[in-house]
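Single-structure report; data block below.
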Amino acid sequence: QDALDMLPFCKENGAVAVQMRPIEGEMLLPNPYFYSLYEKMSSLSMPLAIHVANGNPYVAEITGQRNFAAGFWKFRLPVVGSFHAIVYSGLADMFPKLRFAFVEASAQWVPYLLRDLKRRLPPEGRPWPQDPMQHWRLFVTCQMEDDIPYLMKECGEEKGAVGTDYGHNDPSTEIEVHRTLREESGVTHEQYRKIVDSNAVALYDL
């Protein structure tokens, strides 16, 4: 209830999204407990930004055992799972105005998940859209080690974004991202402008 009460104030004072973790306590994001929050976000045109994290200490401890790669399993993979869950659960269909952003978990995994979902949904009588990223309003931030031309070919050009993680000093920090993306990633100038400008404008309704 506190979040519902605060959202209009946040919107009026410059907030452009609501950040949540892929696992919040014992609940995943498609849990009906969050529906009233998603309805409010939809009415305010504020997207749901799923950031690398884990809000379940038990799961974080289990997946962090003997895993020293900067929290890959306990922090990054839950973001990947949330992408799959949001589509497969029908959450993205239940809230047709809600946009989703998957932040700081790279993007190379997106074609794999789309292929998996395409295998699962049509046999259940759920049609597969021509452009699933556009249809379900799914935005994913890429990193410079991603094969970005491949991702744009497989996933379309309208839902890629980027972040520098400015202010941190961790494996996700990419202060030179704009220069690297423009000069070394293999994308066209038009694709570059979409990633750093128009796609983000659409995501955050700027």
Side-chain angles (χ1 to χ4, degrees), residues 1-25 27-56 75-87 89-107 109-110 113 132-143 146 151 155-168 170 172-175 177-178 181 193-206:
Q1 186 59 49
D2 289 342
L4 292 172
D5 293 341
M6 284 297 296
L7 272 178
F9 171 84
C10 295
K11 174 77 172 183
E12 291 169 6
N13 286 273
V16 296
V18 174
Q19 177 184 304
M20 294 180 69
R21 297 169 294 193
I23 307 174
E24 292 287 359
M27 294 180 289
L28 302 180
L29 297 181
N31 194 301
Y33 177 82
F34 299 119
Y35 284 4
S36 60
L37 182 59
Y38 299 152
E39 289 174 358
K40 190 70 171 179
M41 292 161 58
S42 297
S43 70
L44 294 172
S45 191
M46 299 178 74
L48 170 59
I50 300 105
H51 192 276
V52 288
N54 193 324
N56 185 300
F75 293 144
R76 287 196 165 210
L77 287 187
V79 176
V80 178
S82 70
F83 179 105
H84 196 283
I86 283 169
V87 175
S89 68
L91 182 70
D93 295 310
M94 280 185 264
F95 297 94
K97 294 183 179 180
L98 186 59
R99 303 179 301 283
F100 304 90
F102 303 86
V103 181
E104 203 178 296
S106 187
W109 46 268
V110 176
L113 264 66
M133 300 291 287
Q134 187 78 7
H135 179 79
W136 285 306
R137 308 160 309 283
L138 307 169
F139 294 78
V140 182
T141 61
C142 59
Q143 294 179 191
D146 289 328
L151 288 171
C155 308
E157 299 184 0
E158 311 305 322
K159 294 294 179 280
V162 72
T164 64
D165 204 23
Y166 181 78
H168 282 110
D170 64 22
S172 297
T173 304
E174 297 192 282
I175 301 302
V177 66
H178 294 88
L181 181 63
R193 293 301 303 177
K194 288 181 178 180
I195 293 172
V196 302
D197 190 340
S198 59
N199 291 355
V201 169
L203 168 60
Y204 295 117
D205 192 22
L206 301 176

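Each residue takes its place number in the sequence, starting with 1. Everything quoted here is computed from the prediction, not taken from an experiment.
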Yes or no on side-chain contact (heavy atoms from CB on, under 4.5 Å) for K97 and S43, after CA distance, side-chain angles and deciding distance? CA-CA 8 Å; K97 294 183 179 180; S43 70; over 6 Å; no
By side chain to side chain contact (heavy atoms under 4.5 Å, CB included) - contacts of [X] (at least two apart):
X: Y33; answer: M27, N31
X: Q19; answer: H51
X: E174; answer: Q143, M144, E145, V177
X: V80; answer: L77, W109, L113

Working note: K159 + V140, criterion side-chain contact (heavy atoms from CB on, under 4.5 Å); need CA distance, chi angles, decisive distance, verdict. CA-CA 6 Å; K159 294 294 179 280; V140 182; over 6 Å; no
Enumerate the salt bridge (Lys or Arg N to Asp or Glu O under 4.0 Å) contacts for [range], please, sequence neighbours excluded, ordered by first and then second residue.
range: residues 195-206; value: R193-D197
range: residues 30-55; value: none
range: residues 12-22; value: R21-E24

Worked verdict on V110 versus F102 for side-chain contact (heavy atoms from CB on, under 4.5 Å): CA-CA 10 Å; V110 176; F102 303 86; over 6 Å; no
E104 meets the salt bridge (Lys or Arg N to Asp or Glu O under 4.0 Å) criterion, sequence neighbours left out, with none
Apply side-chain contact (heavy atoms from CB on, under 4.5 Å) to the pair I23 and L28, showing each step before the final yes or no. CA-CA 5 Å; I23 307 174; L28 302 180; 3.8 Å; yes
Tell me, please, which residues at least two apart from Y38 pass ring-ring contact (aromatic ring centres under 6.0 Å, His included). F95
Between [X] and [Y], which heavy-atom pair has the shortest distance, and what is it?
X: G25; Y: N56; answer: O-ND2, 2.8 Å
X: L203; Y: P47; answer: O-CG, 3.4 Å
X: C142; Y: I195; answer: SG-CG2, 4.4 Å
X: P22; Y: S82; answer: CB-CB, 4.1 Å

Could you pull out all donor-acceptor pairs under 3.5 Å where a side-chain atom in residues 2-11 meets a protein atom, sequence neighbours excluded?
unit_1: D5; atom_1: OD1; unit_2: Q1; atom_2: NE2; d: 2.9
unit_1: K11; atom_1: NZ; unit_2: L44; atom_2: O; d: 3.0

Name all residues meeting the side-chain hydrogen bond (donor to acceptor under 3.5 Å, both in side chains) criterion together with H84; count only those two or more places apart in sequence or in a different chain, and write none if there are none. D116
Please name all residues satisfying side-chain hydrogen bond (donor to acceptor under 3.5 Å, both in side chains) with D146, sequence neighbours left out, ordered by chain then number. S106
Only one of D93, L98, L91 clears side-chain contact (heavy atoms from CB on, under 4.5 Å) with W136; which? D93
